[in-house]
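Excluded from the calculations below are hydrogen atoms, water molecules and symmetry mates; all remaining heavy atoms, backbone and side chain alike, are included.
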Amino acid sequence: MTFNPPLRPIDADDDTLRAHLRDAEVPALLMTVAHLTGDTSFLREDARSNGWLLRPQGGMSERAQEEARASALAALARLRDERAPQPPPPDDRLLREITSWALGPDTDALVPLVAEEITPYGADPKAPAWHKDELAPDRDFHVSVIGAGMSGLLAAHRLSQAGVPFTVYEKNDDVGGTWFENTYPGCRVDVASHLYNYSFASRSDWPDHFCTQDVVLAYFRDFAKHYGLDEHIRFGTEVRGAAWDEERGTWRLELSTPEGDRTTESQLLVSAVGQLNRPKLPDIRGRDTFAGASFHSAEWDHGQDLKGRRVAVVGTGASAYQIVPELADTTGELLVFQRSAPWLRPTPHYHDPVPEGMRWLFEHVPYYAQWYRFWLFAPGLLQEGGILQGWVVDPDYPPTERAVSALNDQLRKALTEAMEAQLTDAPELRRHVIPGYPVGSKRVFRDNGRWLATLQRDDVALVTDAITEITPRGIVTADGTEHDVDVIVYATGFQASRFLTPMTVTGRDGRDLHEHWDGQPRAYLGTNVPGFPNLFCLYGPNTNLVGQGGSIFYFSECAVTYLTDAVRHLLSTGATAMDVREDVHDAYNAWVDEGNANRAWGWTKADTWYREGGRSAPNWPYSALEYWQRTRHVEPEEYEML
């Protein structure tokens, strides 16, 4: 795999260019051409319509698309014929014009953010602009990172760039985190591949619009090797406990390693264990009595031959949504046990490869890949006009379990219509598969028709009666039926709100982190907890995106920017540690709680992992721009320096 590949020249003739442009995402193409030529007249106002950020090709008519492609063809042919060099990144004026065209007026706050994204391949504007050798060359300062998944690898890379010694402890035998552990049939991203990577380590040759698990895992493996991180990772090593030593100003770690238990210490601790890493099994009477094979989707038993067998899948969440259509072609009979139905978002290209023309544009046209990424990300940058606006509760609507606002009701009608169009041959399924809760209360899945088509198969049964018991033979439901099965697959999700488990984490004055949280995890900016100095969480409490349009990669890049600035501050001031002030932490979390309470997942009475125990511990309720602004640098007055 090649990161940040050099662009190839635009050498295609007009007919070939025209053919490639048929595969272009036209709004991204127009922004690219405006950038390359400096001519913003390409940004036609008549191309935009209400809600265009959320529609394929911006909802542009076929005529408008063809006119845009023709204009782009002329501009690219001119660049080809003039052998023009790659232009520099856009200046503030051009960025402002392009951004306001895409997102509307009053978007000046976005210009610095977009400037970090629209850079040549290989540029890394978010890299630390400092080095330990310059700030504190003689100071003994070591960082321990727990986890070699997406966030842990990123933290390791940034620390390496800054010359800060570090060690990564990974309980598995390979990098990748959840993408190493989840190998179930059909496993793939539901965020566009071109967003699901580090902004500074992109690739132009993603094979699919939404790549499969093996491709994503290969990306992490190649990233770790390319940036020399493997030598810093201790595989097969689990951190069992971490305790703050107030006298020494260090974190003491208890490790379980292939050679046995041992301890180590470091001046700063980074938890990069994520949110979706501990499988959650349902609390059902008799679960352990089942005589057949049973396993969680995150611990797939590849030794089980499911061909011709009677298989039960418990759950209809994100994993089941991918697993069930894959198993249906193998099993003899498939029973799908549903607690609540998911909303489905039409995405016809969900399983499609990236077309040849689009790949050519990525590889040859300067900045097209960057503007395409921006176009994918744009719906989450602002609260108004993007996806998030559809989840906001309008108290004057008034909100109900049908919809929480007029816009939310419009979304409900559109998604219902799209789902009903797939049920013309099975109208009896409608009452079982159209959700009764507001859109956005739970994760909305990308839909290319496979899910509902699978449920309509003669060898697939959707069971909606509640499970009351599991017996040696199978599953008993509330109507008294015992469903005999050979294998049970628990697609029942993760312990998303149990951050840092099963580690024991002890802070100042012997404070136990899990007792302190009491089932309601909170952290300032998702990173810091009062009483736990120099502990930084990545993908921590309230950093899960819910339809904001970006990916967790972006949020982790923001959090790691904040982390590295904190390290810079400690090294430059000589402070031993920093501990977030309790009043700052509490005020921030009150603001987050207020936002979550005013979102569909906070308002609904439906059971959702977005809100467990009365509080949404996973979700971020505001725009991606808001989080970026708050994590650009540390405010020292918000911390107690030790």
Side-chain angles (χ1 to χ4, degrees), residues 1-36 42 47 52-62 64-77 79-80 86 98 102 117-121 188-197 199 201-212 215-216 218-219 346-379 446 448 549-551 553:
M1 184 182 300
T2 301
F3 295 104
N4 306 314
L7 282 171
R8 301 175 183 177
I10 300 176
D11 53 7
D13 59 32
D14 285 5
D15 287 341
T16 305
L17 271 178
R18 188 177 293 108
H20 290 322
L21 290 172
R22 293 193 189 103
D23 289 335
E25 187 71 23
V26 174
L29 180 65
L30 289 174
M31 290 185 278
T32 303
V33 173
H35 173 189
L36 296 180
F42 285 101
W52 89 308
L53 288 175
L54 310 179
R55 300 161 68 184
Q57 297 288 13
M60 296 172 64
S61 67
E62 288 295 332
Q65 290 182 51
E66 287 306 311
E67 291 174 350
R69 291 189 180 97
S71 297
L73 173 62
L76 293 179
L79 290 172
R80 175 199 62 200
Q86 178 174 324
I98 297 176
E117 298 294 310
I118 311 301
T119 59
Y121 280 137
R188 67 171 62 224
V189 296
D190 62 0
V191 173
S193 299
H194 293 85
L195 277 178
Y196 209 77
N197 55 76
S199 62
S202 59
R203 55 177 294 191
S204 60
D205 60 344
W206 289 111
D208 298 330
H209 286 290
F210 299 87
C211 282
T212 53
V215 175
V216 178
Y219 175 84
T347 309
H349 62 300
Y350 183 42
H351 287 92
D352 291 354
V354 175
E356 180 182 351
M358 181 176 280
R359 292 181 66 165
W360 187 93
L361 293 171
F362 290 143
E363 294 170 355
H364 292 80
V365 177
Y367 296 103
Y368 176 73
Q370 290 87 332
W371 284 112
Y372 177 71
R373 178 183 169 96
F374 168 75
W375 173 248
L376 294 172
F377 191 20
R446 293 187 177 274
N448 61 355
S551 78
F553 275 83

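- In this structure, Glu25 and Pro56 approach most closely via the heavy-atom pair OE2-C, 4.4 Å.
- Atom OG1 of residue Thr32 and atom CG of residue Leu361 lie 8.5 Å apart, to the nearest 0.5 angstrom.
- The line from CG of Asp13 to CZ of Arg18 is 9.0 Å long, rounded to the nearest 0.5 Å.
- Pro355 meets the side chain to side chain contact (heavy atoms under 4.5 Å, CB included) test with Asp23, His209, Met358; sequence neighbours excluded.
- Nearest heavy-atom pair across Ala75 and Phe42 is CB-CZ, 4.0 Å.
- With hydrogens and angles ignored, the 3.5 Å screen pairs no side-chain donor or acceptor of Arg80 with any backbone N or O of Ile10.
- Listed here is the closest heavy atom pair of Tyr121 and Ser202: CE2-OG, 3.3 Å.
- Remark: Arg22 CZ to Gln65 CD distance equals 13.0 Å, nearest 0.5 Å.
- Here Ser204 contributes atom OG and Asn4 contributes atom CG; the two are 9.5 Å apart, rounded to the nearest 0.5 Å.
- A pairwise comparison of heavy atoms in Val354 and Asp208 identifies CG2-C, 3.5 Å as the closest pair.
- Atom CZ of Phe210 and atom CG of Asp352 lie 9.5 Å apart (nearest 0.5 Å).
- Proximity of Val26 to Arg69: side-chain heavy atoms (C-beta onward) are separated by under 4.5 Å at one or more points.
- In this structure, Tyr372 has its ring center no closer than 6.0 Å to that of Trp375.
- Side-chain contact between Leu76 and Leu21 is present, with heavy atoms from C-beta onward closer than 4.5 Å.
- The closest donor-acceptor contact from the side chain of His364 to the backbone of Trp360 lies under 3.5 Å.
- Counting only distance, with no hydrogens or angles, the side chain of Thr16 and the backbone of Ala12 share no donor-acceptor pair below 3.5 Å.
- Of all non-hydrogen atoms in Ala102 and Leu53, the two that sit nearest each other are O-CD2, 3.7 Å.
- Atom CD of Gln86 has more than 12 heavy atoms from other residues, nucleotides or ligands within 6.0 Å.
- Between the side chain of Thr347 and the main chain of Tyr350, no donor-acceptor pair closer than 3.5 Å is present.
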What do the steps show when you test Cys211 against Tyr196 for side-chain contact (heavy atoms from CB on, under 4.5 Å), and what is the final call? CA-CA 9 Å; Cys211 282; Tyr196 209 77; over 6 Å; no

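- Sorted by first and then second residue, the salt bridge (charged side-chain N to carboxylate O under 4.0 Å, His left out) pairs with a member in residues 359-376 read Arg8-Glu363, Glu117-Arg373; sequence neighbours excluded.
- In this view, Ser71 satisfies the side chain to side chain donor-acceptor pair (under 3.5 Å) rule with no residue, not counting sequence neighbours.
- Nearest approach of Leu36 to Tyr367, heavy atoms of both residues: CD2-CD1, 4.0 Å.
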Assess the residue pair His35 and Gln370 against the criterion (side-chain contact (heavy atoms from CB on, under 4.5 Å)); give the C-alpha distance rounded to whole Å, side-chain angles, the decisive distance to 0.1 Å, and a yes or no. CA-CA 11 Å; His35 173 189; Gln370 290 87 332; over 6 Å; no

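- Distance check: Trp371 CH2 to Ile118 CD1 gives 4.5 Å after rounding to the nearest 0.5 Å.
- Checked by atom type, the side-chain pair His194/Trp206 shows no donor-acceptor distance below 3.5 Å.
- The aromatic ring centroids of Tyr219 and Phe3 lie less than 6.0 Å from each other.
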